[in-house]
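The model shown is predicted, which means the values in this text are computed figures rather than measured ones.
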Amino acid sequence: MKFFIDSADIEEIKHAAKMGWVDGVTTNPSLVAKSGKDFKTLITEICEFISGPVSAEVLATDYEGMVKEGDQLSTIAPNVVIKLPLTEDGLRATKYFFDQGVQTNVTLCFSPLQALMAAKAGATMVSPFVGRLDDVGTAGMGMVSEIRQIFDNYGYETEILAASLRHPMHVLDAALIGADIGTLPFKTLAQLVKHPLTDRGLEQFIKDGQNLKV
Ligand code: G3P
């Protein structure tokens, strides 16, 4: 399973990359706004040290605007992935970028049928938002499982990028279902490493190791 870091914070992306946890990066307008940085400068900086896919989201909501912004963003680096909303215009733009050989991430997916339409438009990745469906009382992971089944039924190559993953159980379930990628905030990536029995066991080994004759 590939992990992307869902962040626009250069320092935490660098830290996670050094740990070997990161196969790519996803950003969104809310994360970029929080970083306080200029959007294109930020994506350029990330691409200087991340060679995997880096998703950069368009702000336009109409087809022409999305194509214009996406064309500009794709000149930043070859690993920039154009992130487009799951709307009619977004899917039309997805088809445009597919024809140009440019990678796309279709975002804000909240149903298996929306994911199917993204795959038909030629999306490289589709992002079902698990946590946000959970927030409204619908099982987000059920959606991921149904997308997996549909894509496998027909051999769609669009990768399932499980998004809005907020805690380790989300990651475990997405991995068991077979989501191709999970995008996680830094905090959740770090939580995956932790186990209290590891800490307790290490403490005991250190203590016992002090009594060894060397
Ligand atoms: O990047 C999109 C997604 O992962 C957002 O997560 O927690 O804001 O629903 P969240």
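By the 4.5 Å heavy-atom criterion applied to side chains, Pro53 and Phe4 are counted as neighbours. At a threshold of 4.5 Å between non-hydrogen side-chain atoms, the residues Ile43 and Glu57 do not count as touching. Taking 4.5 Å as the limit, every side-chain heavy atom of Ile5 sits out of range of all side-chain heavy atoms of His15. Lys120 places none of its side-chain heavy atoms less than 4.5 Å from the side chain of Lys95. Looking only at side-chain heavy atoms (C-beta outward), Val144 and Ile160 come within less than 4.5 Å of each other. At least one side-chain heavy atom of Leu184 sits less than 4.5 Å from a side-chain heavy atom of Val171. Contact of the Lys83 side chain with the Thr27 side chain is not registered, since no non-hydrogen atoms from C-beta on lie closer than 4.5 Å. By the 4.5 Å heavy-atom criterion applied to side chains, Leu172 and Leu176 are counted as neighbours.
For the pair Asn105 (side chain) and Val81 (backbone), a donor-acceptor distance under 3.5 Å is absent. Looking only at distances, no side-chain donor or acceptor of Glu12 sits under 3.5 Å from a matching main-chain atom of Asp9. In this structure, Thr183 contributes its side chain and Ala163 its backbone to no donor-acceptor pair below 3.5 Å. Remark: the backbone N or O of Thr124 is paired with a side-chain donor or acceptor of Thr104 at under 3.5 angstrom. Between the side chain of Asn79 and the backbone N or O of Ile50, at least one donor-acceptor pair lies under 3.5 Å.
Note that CE of Met117 is 12.0 Å distant from SG of Cys109, once rounded to the nearest 0.5 Å. Rounding to the nearest 0.5 Å places CD of Gln191 at 11.0 Å from CZ of Phe186. Here CD of Glu146 is found 12.0 Å from CG of Leu116. Values are rounded to the nearest 0.5 Å. Note that OG of Ser74 and CD of Glu69 are 11.5 Å apart. Values are rounded to the nearest 0.5 Å. To the nearest 0.5 Å, atom CZ of residue Phe3 and atom CG of residue Leu165 are 9.0 Å apart. In this structure, the separation between NZ on Lys2 and CD1 on Ile181 is 4.5 Å, given to the nearest 0.5 Å.
Pairing each heavy atom of Leu86 with each of Ala118, the nearest pair is CD1-CB, 4.4 Å. Here the shortest heavy-atom pairing between Val22 and Ala17 reads CG2-N, 4.0 Å. Between Ile150 and Pro112, the shortest heavy-atom distance links the atoms CD1-CB, 3.9 Å.
Side chain to side chain, Ser55 and Thr26 fail the donor-acceptor criterion of an N or O pair below 3.5 Å.
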Test log, rule side-chain contact (heavy atoms from CB on, under 4.5 Å), inputs Asp180 and Arg148: CA-CA 9 Å; Asp180 302 284; Arg148 180 73 284 156; 3.2 Å; yes
Could you walk me through whether Trp21 and Val193 pass side-chain contact (heavy atoms from CB on, under 4.5 Å), step by step? CA-CA 10 Å; Trp21 297 342; Val193 181; 3.5 Å; yes
Apply the test side-chain contact (heavy atoms from CB on, under 4.5 Å) to residues Leu42 and Ile10: give CA-CA distance (whole Å), side-chain angles for both, the deciding distance (0.1 Å), then the verdict. CA-CA 8 Å; Leu42 178 81; Ile10 294 283; 4.1 Å; yes
Take Thr107 and Phe129 through the test side-chain contact (heavy atoms from CB on, under 4.5 Å) and record every step on the way to the result. CA-CA 8 Å; Thr107 190; Phe129 275 36; 3.3 Å; yes
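Counted within 6.0 Å of CD on Gln149, heavy atoms from surrounding residues, nucleotides or ligands total 12 or fewer; the atom is thus considered open. Residue Phe98 places its CZ atom among 12 or fewer non-hydrogen atoms of other residues, nucleotides or ligands, all under 6.0 Å distant.
Ring-plane geometry between Tyr156 and Tyr154 is classed as tilted, the angle between the planes lying from 30 to 60 degrees on a 0 to 90 degree scale.
For the side-chain hydrogen bond (donor to acceptor under 3.5 Å, both in side chains) with Arg166, the qualifying choice from Asp6, Asp134, Asp135 is Asp135, the only one to do so.
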